[in-house]
Amino acid sequence: MLFNSYIFIFAFLPITFFLYFFLLEKRLLVGAKGLLVFSSLFFYSWWNIAYLPLIMGSMLFNYVVGNSLNENFKKVRIHKKSLLAVGIIANLSLLGYFKYSDFLIENFNLAFHGSIPLLHLALPLAISFFTFQQIAYLVDSYRGETAEYDFLNYALFVTFFPQLIAGPIVHHKEMMPQFASKWNLVKNYKNIALGLFIFSMGLFKKIVIADTFAVWATNGFDKTEILNFIEAWSASLSYTFQLYFDFSGYTDMAIGAALLFNIKLPINFNSPYKALDIQDFWRRWHITLSRFLRDYIYIPLGGNRKGSFRTYSNLMTTFILGGIWHGAGWTFVFWGFLHGLALVIHRFWKALGFTMPKLLAWFITFNFINIAWVFFRAKEWDDAIKVLKGMFMTVPDLGLKLTLLAPKESSNKMYIFLLFGFAVVLFMRNAMQWRSYFHPTKLYIAYTLVLVLSAMYFMHRPTEFLYFNF
């Protein structure tokens, strides 16, 4: 079930909302939480009910291990570090089996001339996200930072439907106090108005902007064999904007939907394409993933505490693993390597005390990100080389028509949308900044209606969320 589908907007979300607060009004707190868990599992299984036992089994396993790791739980006598290792290995093994089995078999066959048949496993929805979230829970339990023994509460923490499919990746301590707060157990009409406003912004981003860029990106990467200079740059920029508006749009919808239930999800995007260096970019892009990589990989490896060489090695390791997390392919590994290398160069540059003008810093940072996204998007190496060859090895001719990426009559639309994309990401407030200015006035109600109606006009087009693939 997609956030931008009619069944979610006009059936699932309002029914769940009204039933939840109806049960709370009757002081049936356990029933209200149970409803949210049931609704979230229904939301998850709408895609493929066959994988419902997978997420439920994963929750039960991690709940037992997490409680066993907690210092206040004495029933299981086992070395805590060993138990944590077992829990993490089990989670990674589950993720690895479904996500990386075919990738490993392909490379084994290639390296050793083997003929092991591929498994062709369908990737369970959201497995990367709920796996990382539960690994964080196990580590936090090991550190004594959790104190939750009720399986219903734990299931709600994992499955809460706004953040279940593609994040934000949340911590136990961020969520459970909110569900327990008595102030969040009654309707908050300001939160409802704000939630609808932010949801409508995300809906507009996804349907009107991201899905429009998706057509040109797909034509450039997947359907066109040879790209000229303008077509190659248009394809790469189209994907750069598609990915941002797709994922930030989803996150806005998640944050907006959660606010209807008085739950504040953490900020996941903060105008990342305004970044003036690669470190700044990762503090703005997919913030909860960056936080996870920092807290659960980079710092445990030693962070920056053991000298420059170790720091650079830790950065490279962290981002290569981050690339692998996104997908089972060497293009994702290389994308992670590029970002790790860029962070190493950035740290070395800062250590030397060098600076550069802000405009030049932005230009270099944005173009590096755009070029790196080519490898992130390409299905095969040849697709990435094709786009890069068009970007850097063809002679620019501003008179060329974009006949391959788009019909002649829509070339001007592409140019307009690219300019519009730059204007939005560089000069307009992001959703979280709008949240600070929001007041439930007639003007904001009008904004919400305009955004929703504009999105509804385009809802007939084919759509998908890119991060459902990760």
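Along the sequence shown, the residues carry numbers beginning at 1. The figures that follow rest on heavy atoms only: side chains count, while hydrogens, waters and symmetry mates do not. Fair warning: this is a prediction, and the values are worked out from it, not measured in the lab.
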If the test is ring pair (Phe, Tyr, Trp, His ring centres under 6.0 Å), which one of Phe38, Phe261, Phe17 qualifies with Phe161?
Phe261

Between Leu36 and Phe160, does the side-chain contact (heavy atoms from CB on, under 4.5 Å) criterion hold? Intermediate values first, please.
CA-CA 7 Å; Leu36 276 187; Phe160 185 49; 4.1 Å; yes

Between CD1 on residue Ile207 and CD1 on residue Ile209, distance to nearest 0.5 Å
11.0 Å

Compute the centroid of each ring, for Tyr273 and then for Phe422, and state whether the two points are separated by less than 6.0 Å.
no

Can the ring centroids of Trp233 and Phe392 be said to lie less than 6.0 angstrom from one another?
yes

Centres of the Phe43 and Phe12 rings: under 6.0 Å?
yes

I'd like to check Leu54 versus Leu94 (side-chain heavy atoms, cut-off strictly below 4.5 Å). Are they in contact?
yes

So does Ile116 get a backbone contact from the side chain of Asn109, meaning a donor-acceptor N/O pair under 3.5 Å?
yes

Return yes if a side-chain donor-acceptor contact under 3.5 Å exists between Asn67 and Tyr63, otherwise no.
yes

Check for me whether the distance between the ring centres of Trp325 and Phe129 falls short of 6.0 Å.
yes

Under 3.5 Å, is there a donor-acceptor pair between the Glu231 and Thr224 side chains?
no

Which atom of Ile278 lies closest to which atom of His339, heavy atoms considered
CD1-ND1, 3.5 Å

Does a side chain donor of either Thr365 or Asp277 reach within less than 3.5 Å of an acceptor in the other side chain?
no

Within 45° of the ring axis of Trp381 and under 6.0 Å from its six-membered ring centre, is that where the NZ or CZ of Lys386 lies?
no

Cut-off 3.5 Å, side chains only: do Asp246 and Tyr239 have a donor facing an acceptor?
no

Side-chain contact, heavy-atom cut-off 4.5 Å: Phe366 with Thr240?
yes

Between Lys80 and Tyr142, is NZ or CZ placed under 6.0 angstrom from the six-membered ring centre and within 45° of the ring axis?
yes

Taking atom types as modelled, find out whether Asn268 and Thr288 have a side-chain donor-acceptor pair closer than 3.5 angstrom.
yes

Over all atoms of both residues, closest heavy-atom pair of His326 and Trp335:
ND1-CZ3, 3.7 Å

Between the side chains of Ser271 and Asn430, does any donor sit under 3.5 Å from an acceptor?
yes

Quick one, Phe132 with Tyr296, criterion ring-ring contact (aromatic ring centres under 6.0 Å, His included). Give me CA distance, side-chain angles, the key distance, then yes/no.
CA-CA 10 Å; Phe132 267 30; Tyr296 299 99; 9.0 Å; no

To check you understand the geometry: which heavy-atom pair defines the closest contact between Leu35 and Thr16, and what is its length?
CD2-O, 3.9 Å

Kindly state whether the ring of Phe334 and the ring of Trp330 have centres lying under 6.0 angstrom apart.
no

Give me the atom names and distance for the closest heavy-atom approach of Ala232 to Met391.
CB-N, 3.4 Å

In terms of ring plane angle, is the pair His172 and Tyr137 parallel, tilted or perpendicular, where the classes change at 30° and 60°?
tilted

Would you please say whether a donor-acceptor pair under 3.5 Å links the side chains of Thr218 and Lys223?
no

Cation-aromatic face contact Arg429/Tyr437, 6.0 Å, 45 degrees
yes

Correct closest heavy-atom pair for Leu125 and Phe130 would be O-CE2, 3.8 Å

Are there over 12 heavy-atom neighbours, none belonging to Phe363, within less than 6.0 Å of that residue's CZ?
no

Does the pair Asp280 and Arg284 meet the rule for a salt bridge (Lys or Arg N to Asp or Glu O under 4.0 Å), with working shown?
CA-CA 6 Å; Asp280 188 28; Arg284 295 166 174 264; 3.2 Å; yes

